[in-house]
Number of protein chains: 2
Amino acid sequence: MTVSAGVASRSGALCPQRLTMEHVTSRWGVVVLIRLLERTYRFAELRRAIGATESVGQVTEKMLGQTLQSLERDGLVHRDVKPVVPPHVEYSLTDLGREAAVQIRALALWTDERRERVERARREYDLARAGG
Amino acid sequence: MTVSAGVASRSGALCPQRLTMEHVTSRWGVVVLIRLLERTYRFAELRRAIGATESVGQVTEKMLGQTLQSLERDGLVHRDVKPVVPPHVEYSLTDLGREAAVQIRALALWTDERRERVERARREYDLARAGG
DNA sequence: CAGTATCCGACACGATACTG
DNA sequence: CAGTATCGTGTCGGATACTG
């Protein structure tokens with residue numbers, strides 16, 4: 001029931017900053033933050049947008065909900081519930097969230113740009129190990 | 001036996017950049033990169049240095065070895081083995097590694113600086129949920 | 001000193017089903 | 001539409017013991 005009961009004990013027990021790090025660098029945290037940097041999204045809309053991104057795969061509703069919830073709890077994401085039926089909920093970044101998202105996007109961009117170099121390094125490493 | 005067999009299937013199977021992200025943002029990847037940014041370290045020396053840092057806790061030899069190995073495989077860390085007895089091994093950052101470390105350090109610094117705000121947000125969130 | 005091997009528990013993540 | 005509940009699996013990370 002509690003939002004962060006899970007991740008807390010593994011490595012975030014001491015050092016609450018580490019917990020925040022894990023939220024923003026988590027599998028879907030990264031994707032969500034980058035998406036919300038461009039604009040506000042609704043739940044299903046965000047889900048579809050992520051799924052449509054090549055090579056990122058689909059998010060399950062559970063994981064998206066969980067990710068948004070921990071980001072909201074940390075004060076990085078704002079959840080705006082319009083009192084209408086059918087329900088209409090909008091997610092956006094807070095100022096704090098925007099700061100985080102910018103850094104995460106930079107990091108994601110970096111890994112993207114260095115991808116070739118890293119893959120080459122991995123091949124060389126594996127080859128050196130196998131060959132002797 | 002293979003270095004990255006483990007982490008590969010969870011979320012890095014597609015999207016090899018994500019794998020790199022997970023290595024550098026991993027529990028000990030962050031700490032190691034930041035440490036190596038300041039200077040070269042030997043294995044046990046690095047282990048002690050990390051353990052000495054308040055609120056970071058101790059690394060097990062296994063995790064430190066694993067972390068260094070994946071970072072080396074990605075071409076971020078250079079491992080220099082001196083052919084002497086007893087063994088003497090030095091770890092340092094490559095140019096690629098330094099680029100990564102700088103970004104990680106910035107992110108770590110950010111979460112550190114924003115810690116109070118995040119904790120306040122968490123308290124408010126939890127209170128709002130519990131109270132009504 | 002510099003690691004590797006093995007066992008183990010906690011939990012992230014996913015698939016599926018159900019609710020207001 | 002916007003989620004929560006439940007179950008199953010892989011694996012991350014720690015403890016301990018052992019090797020060159």
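None of the values given here were measured: they were computed from a predicted structure. Lettering of chains follows the sequences in order, A, B, ..., and the numbering in each one begins at 1. Excluded from the calculations below are hydrogen atoms, water molecules and symmetry mates; all remaining heavy atoms, backbone and side chain alike, are included.
Distance, A/Glu22 CD to C/dA12 P: 8 Å, rounded to whole Å. Rounded to a whole Å, the CZ atom of A/Arg47 is 16 Å from the P atom of C/dC13. Distance, B/Lys82 NZ to D/dG20 P: 25 Å, rounded to whole Å. As rounded to whole Å, 15 Å separates atom C1' of C/dA12 from atom CG of A/Leu64. We find that CD of B/Glu72 is positioned 15 Å from P of C/dA2, with the value rounded to whole Å. One can place CD1 of B/Ile50 at 14 Å from P of D/dG13, the figure rounded to the nearest angstrom. D/dG13 atom C1' lies 15 Å from atom CD of B/Glu61, rounded to whole Å. Per the geometry, CD belonging to B/Gln69 stands 16 Å off C1' belonging to D/dC12, to the nearest Å.
Nearer to the 5' terminus of DNA chain C, by closest-nucleotide assignment, is the contact made by B/Pro87 (compared with the other of B/Pro87 and A/Pro87). Mapped onto DNA chain D by nearest heavy atom, B/Thr60 and A/Ala44 fall at different nucleotides, with A/Ala44 at the one closer to the 5' end. With DNA chain C read from its 5' end, the first of the two nearest nucleotides for A/Trp28 and B/His88 is the one closest to B/His88.
Note that CE of A/Met21 and CG of A/Leu19 are 12.0 Å apart. Values are rounded to the nearest 0.5 Å.
Among the heavy atoms of the strands lying under 4.0 Å from B/Arg79 are primed sugar atoms or P, OP1, OP2 only; no base atom is included.
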### Message
Once pairs are restricted to Watson-Crick or G-U wobble with both distances under 3.5 Å, how does DNA chain C read as a dot-bracket string, [ ] for crossings and | for other-strand pairs?
### Response
||||||||||||||||||||
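Listed pair B/Arg42 / C/dC1 fails the phosphate criterion, with no side-chain N or O lying under 4.0 Å from OP1 or OP2. At least one side-chain nitrogen or oxygen of B/Tyr91 sits closer than 4.0 Å to the OP1 or OP2 atom of C/dG3. For D/dC12, neither phosphate oxygen OP1 nor OP2 lies less than 4.0 angstrom from any side-chain nitrogen or oxygen of B/Arg27.
Side chain B/Lys62 to base C/dG3: no donor-acceptor pair is found below 3.5 Å.
Of the candidates C/dG14, C/dC1, D/dT4, the closest approach to any side-chain atom of A/Met63 belongs to C/dG14.
Residues B/Glu99 and B/Leu93 fail the side-chain proximity criterion, which asks for heavy atoms closer than 4.5 Å.
Paired with A/Val32 under the rule side-chain contact (heavy atoms from CB on, under 4.5 Å), one option of A/Val24, A/Ile104, A/Leu76, A/Leu68 passes, and it is A/Leu68. Screening B/Leu64, B/Thr67, B/Val31, B/Leu46 against B/Val59 for a side-chain contact (heavy atoms from CB on, under 4.5 Å) leaves a single residue, B/Leu64.
Both tests do not hold together for A/Arg123 against A/Tyr125: distance to the six-membered ring centre under 6.0 Å, angle to the ring axis within 45°. For the pair A/Arg47 and A/Phe43, the cation does not sit on the ring face, since its NZ or CZ is not both under 6.0 Å from the ring centre and inside 45° of the axis.
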### Task
Apply the test side chain to side chain donor-acceptor pair (under 3.5 Å) to residues A/Arg35 and A/Thr53: give CA-CA distance (whole Å), side-chain angles for both, the deciding distance (0.1 Å), then the verdict.
CA-CA 10 Å; A/Arg35 276 291 170 175; A/Thr53 312; 2.7 Å; yes
